[in-house]
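Here the structure is laid out as structure tokens; the discussion comes afterwards.
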Amino acid sequence: MARYEIFVTYKKGIFDPPGATAERALANLGYAEIKGVKIGKYIQLEVEGDGPGNLTRVREMCDKLLANPVIEDYRIQSHEEDWQ
């Protein structure tokens with residue numbers, strides 16, 4: 001079984017509403033040193049089998065459903081060890 005972690009974030013130059021909201025809230029709580037907050041998605045996938053074709057399939061999943069390629073970038077990490 002192959003395991004993948006996917007990190008999805010807004011592309012550079014795309015407004016990040018959740019990040020902007022969190023940044024304002026942190027400033028209101030007295031954390032004036034915060035100058036930027038980015039919020040994204042974190043996805044864990046377990047895929048049957050191993051092989052180079054898995055990564056291609058995971059990229060397809062990201063392009064078709066897990067990320068919006070127009071406004072989001074994603075990064076995939078493959079893991080051989082178990083994680084929770």
Side-chain angles (χ1 to χ4, degrees):
M1 179 154 330
R3 292 175 171 82
Y4 299 91
E5 289 180 300
I6 302 163
F7 302 87
V8 182
T9 56
Y10 284 103
K11 289 185 176 203
K12 187 174 181 163
I14 299 293
F15 181 63
D16 178 355
T21 299
E23 184 177 343
R24 283 192 305 276
L26 288 168
N28 289 339
L29 291 171
Y31 298 103
E33 67 272 21
I34 299 300
K35 298 300 178 198
V37 177
K38 305 243 184 260
I39 295 180
K41 296 183 275 190
Y42 171 73
I43 303 161
Q44 295 179 342
L45 291 179
E46 292 185 19
V47 181
E48 276 190 44
D50 282 324
N54 274 357
L55 185 55
T56 300
R57 300 280 289 164
V58 170
R59 282 192 183 111
E60 288 175 10
M61 292 175 207
C62 289
D63 289 335
K64 290 181 179 181
L65 177 70
L66 301 176
N68 179 345
V70 174
I71 62 169
E72 295 175 321
D73 288 323
Y74 62 86
R75 179 173 50 91
I76 301 170
Q77 284 186 326
S78 175
H79 294 277
E80 294 180 16
E81 70 276 358
D82 289 335
W83 45 265
Q84 298 180 27

- Taking it one step at a time, do Met61 and Leu45 satisfy side-chain contact (heavy atoms from CB on, under 4.5 Å)? CA-CA 10 Å; Met61 292 175 207; Leu45 291 179; 4.0 Å; yes

- Task: Determine whether Leu55 and Ser78 make a side-chain contact, defined as any pair of heavy atoms from C-beta on separated by less than 4.5 Å.
- Result: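 Side-chain contact under 4.5 Å: no.
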
- Task: May I ask you to test the Pro18-Asp16 pair for a side-chain heavy-atom distance under 4.5 Å?
- Result: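 With C-beta onward as the side chain, the pair touches.
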
- Message: I'd like to know if the side chain of Lys41 and the backbone of Leu66 have a donor-acceptor N/O pair within less than 3.5 Å.
- Response: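 Judged by distance alone, yes, a pair lies under 3.5 Å.
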
Taking [Y] as the starting point, is it possible to reach [X] by hopping between hydrophobic residues whose side chains are less than 4.5 Å apart?
| X | Y | result |
| --- | --- | --- |
| Val8 | Ile71 | no |
| Leu65 | Tyr4 | yes |
| Tyr10 | Phe15 | no |

- Task: Identify the residue among Arg75, Gln44, His79 that makes a side chain to side chain donor-acceptor pair (under 3.5 Å) with Glu5.
- Result: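 Among Arg75, Gln44, His79, the one meeting side chain to side chain donor-acceptor pair (under 3.5 Å) with Glu5 is His79.
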
- Query: Got more than 12 heavy atoms from elsewhere within 6.0 Å of CD, Glu48?
  - Reply: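 12 or below, so no.
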
- For atom NZ of Lys38, is the number of surrounding heavy atoms from other residues, nucleotides or ligands below 6.0 Å larger than 12?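 Counting other residues, nucleotides and ligands, NZ of Lys38 stays at 12 neighbours or fewer.
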
- side-chain contact (heavy atoms from CB on, under 4.5 Å) involving Asp73 - partner list, sequence neighbours excluded: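 side-chain contact (heavy atoms from CB on, under 4.5 Å) list for Asp73, sorted by chain: Thr9, Lys11.
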
- Connected hydrophobic set around Ile39, excluding itself, where side chains approach under 4.5 Å: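 ILVMFWY cluster around Ile39 also holds Leu26, Leu29, Tyr31, Ile34, Val37.
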
- Which atom of Phe7 lies closest to which atom of Gln77, heavy atoms considered: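 Minimum heavy-atom separation between Phe7 and Gln77: CE1-OE1, 3.5 Å.
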
- Minimum heavy-atom separation for Asn54 to Gly49, with atom names?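 In this case the closest contact between Asn54 and Gly49 is ND2-O, 2.9 Å.
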
- Item | Nearest-0.5 Å distance that lies between atom CZ in Arg59 and atom CZ in Arg57 |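 It comes to 13.5 Å.
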
